[in-house]
> 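First, the structure itself, so that you have it in front of you.
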Amino acid sequence: MTKADIIEGVYEKVGFSKKESAEIVELVFDTFKETLERGDKIKISGFGNFQVRQKKARVGRNPQTGKEIEISARRVLTFRPSAVLKAALNGEQIPENHSELDAAEDAAADAAEAAGLDPEDMDEEFEGLEPVKVSRAE
């Protein structure tokens, strides 16, 4: 999908002119860009989170020569899909408590980052595990 496709979709579904649709899409993308440049997180409920993370400098290898090279420190953009989007992508039923699941995933990712861990690695470790329902003893 391209930006032109998004503009066309807004044009067809909302009924604005193509020029107005293009201006709206540009405004949304500009707002995203400015927010991420500041280092702020973008959370779109039912879709996911965009966040800029700082990567440290590290040593890597040229895969062709095997020679070590330094990979400079940089900022990278990460995207964490919401529970709703994950379910939709996998053809699963959207969980009733999806907002609670999204909040729990966000909290776990924030805790991992605070502990100096990479939240992206968490997904691979826990992939395939089913959520557990916990009830309080009365």
Side-chain angles (χ1 to χ4, degrees):
M1 175 173 262
T2 64
K3 190 187 297 187
D5 295 332
I6 295 170
I7 292 168
E8 185 68 26
V10 170
Y11 166 72
E12 290 174 2
K13 291 181 181 161
V14 180
F16 293 145
S17 71
K18 283 201 177 187
K19 183 180 178 190
E20 290 171 323
S21 298
E23 289 172 358
I24 290 168
V25 170
E26 287 294 335
L27 181 63
V28 169
F29 285 144
D30 287 345
T31 303
F32 277 22
K33 183 178 169 188
E34 291 165 7
T35 302
L36 293 168
E37 284 175 347
R38 286 193 311 264
D40 294 340
K41 182 177 179 178
I42 296 174
K43 179 179 172 97
I44 303 171
S45 181
F47 187 74
N49 298 317
F50 295 89
Q51 185 172 14
V52 176
R53 295 187 40 232
Q54 185 68 39
K55 291 271 194 169
K56 296 178 183 175
R58 61 187 173 91
V59 176
R61 292 192 185 277
N62 179 330
Q64 292 180 338
T65 65
K67 181 181 174 188
E68 286 189 355
I69 56 171
E70 182 177 332
I71 301 171
S72 61
R74 64 200 183 283
R75 292 170 49 167
V76 296
L77 178 63
T78 61
F79 174 72
R80 295 187 53 84
S82 72
V84 173
L85 181 57
K86 286 180 190 177
L89 292 174
N90 291 304
E92 300 169 357
Q93 189 171 12
I94 297 172
E96 288 180 29
N97 62 342
H98 63 82
S99 58
E100 294 171 19
L101 288 174
D102 285 347
E105 285 182 351
D106 289 346
D110 291 344
E113 280 190 36
L117 302 172
D118 186 350
E120 299 302 316
D121 294 339
M122 292 173 31
D123 287 343
E124 294 168 10
E125 257 182 71
F126 299 110
E127 200 165 283
L129 294 178
E130 294 296 321
V132 176
K133 290 187 179 183
V134 179
S135 60
R136 295 184 181 169
E138 295 187 31

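Small disclaimer: the values here were computed from a predicted structure and weren't measured.
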> Side chains of Ile42 and Phe47, heavy atoms from C-beta outward: is any pair under 4.5 Å?
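No. Closest side-chain heavy atoms not under 4.5 Å.
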
> In terms of hydrophobic clustering (I, L, V, M, F, W, Y; side-chain heavy atoms under 4.5 Å; direct or indirect links), are Ile44 and Val52 co-clustered?
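Ile44 clusters together with Val52.
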
> Would you list the pairs meeting salt bridge (charged side-chain N to carboxylate O under 4.0 Å, His left out) in which at least one residue belongs to residues 31-40, sequence neighbours left out?
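Matches after skipping sequence neighbours: Arg38-Asp40.
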
> Glu23: what forms a salt bridge (Lys or Arg N to Asp or Glu O under 4.0 Å) with it, not counting sequence neighbours?
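With neighbours one apart ignored, the set is empty.
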
> Go through the structure and list residues passing ring-ring contact (aromatic ring centres under 6.0 Å, His included) with Phe50, not counting sequence neighbours.
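Applying ring-ring contact (aromatic ring centres under 6.0 Å, His included) to Phe50 gives Phe79.
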
> Can you see which heavy atom on Asn62 is nearest to which on Gln64, and at what distance?
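Answer, listing the atom of Asn62 first, then Gln64: OD1-N, 2.8 Å.
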
> Do Val76 and Phe32 sit in the same hydrophobic cluster, where Ile, Leu, Val, Met, Phe, Trp and Tyr count as joined when their side-chain heavy atoms come under 4.5 Å apart?
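They do not share one cluster, since no chain of ILVMFWY contacts under 4.5 Å joins Val76 to Phe32.
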
> Can you name the nearest heavy-atom pair linking Lys18 to Ile7, along with the distance?
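Residues Lys18 and Ile7, closest heavy atoms: O-CG2, 4.1 Å.
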
> What closest approach, in Å, do Ser21 and Val10 show between heavy atoms, and which atom pair accounts for it?
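For Ser21 versus Val10, the nearest heavy atoms are OG-CG1, 3.6 Å.
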
> Grouping I, L, V, M, F, W and Y whenever their side-chain heavy atoms are under 4.5 Å apart, do Ile71 and Leu77 come out in a common cluster?
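Ile71 and Leu77: separate clusters.
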
> Name all residues meeting the side-chain contact (heavy atoms from CB on, under 4.5 Å) criterion together with Thr31; count only those two or more places apart in sequence or in a different chain, and write none if there are none.
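Checked Thr31 against side-chain contact (heavy atoms from CB on, under 4.5 Å); matches are Leu27, Thr35.
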
> The criterion is side-chain contact (heavy atoms from CB on, under 4.5 Å); which residues satisfy it with Glu20, sequence neighbours excluded?
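Partners of Glu20 by the side-chain contact (heavy atoms from CB on, under 4.5 Å) criterion, ordered by chain and then number, come out as Phe16, Ser17.
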
> Tell me which pairs pass salt bridge (charged side-chain N to carboxylate O under 4.0 Å, His left out) where either residue lies in residues 59-68, with sequence neighbours left out.
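The answer is Arg61-Glu68.
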
> Below 4.5 Å, heavy atoms only, C-beta onward: do Gln51 and Lys43 meet side chain to side chain?
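A side-chain contact is absent here, since even the closest heavy-atom pair is not under 4.5 Å.
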
> For Gly39 versus Arg75, what's the shortest heavy-atom pair and its separation?
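Nearest pair, atom of Gly39 first, then Arg75: N-NH2, 3.9 Å.
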
> Would you call Lys86 and Glu92 a salt bridge, taking side-chain N to carboxylate O under 4.0 Å as the test?
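Answer for the salt bridge query: no.
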
> Can you tell me how far NZ of Lys41 sits from CZ of Arg53, rounded to the nearest 0.5 angstrom?
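NZ of Lys41 is found 11.5 Å from CZ of Arg53.
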
> Taking atom NZ of Lys56 and atom OG of Ser72, what is their separation to the nearest 0.5 Å?
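Separation between the atoms: 15.0 Å.
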
> Could you tell me which non-hydrogen atom of Ile6 sits nearest to which non-hydrogen atom of Met1, and how far apart they are?
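For Ile6 and Met1, the tightest heavy-atom pair comes out as CG1-SD, 3.6 Å.
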
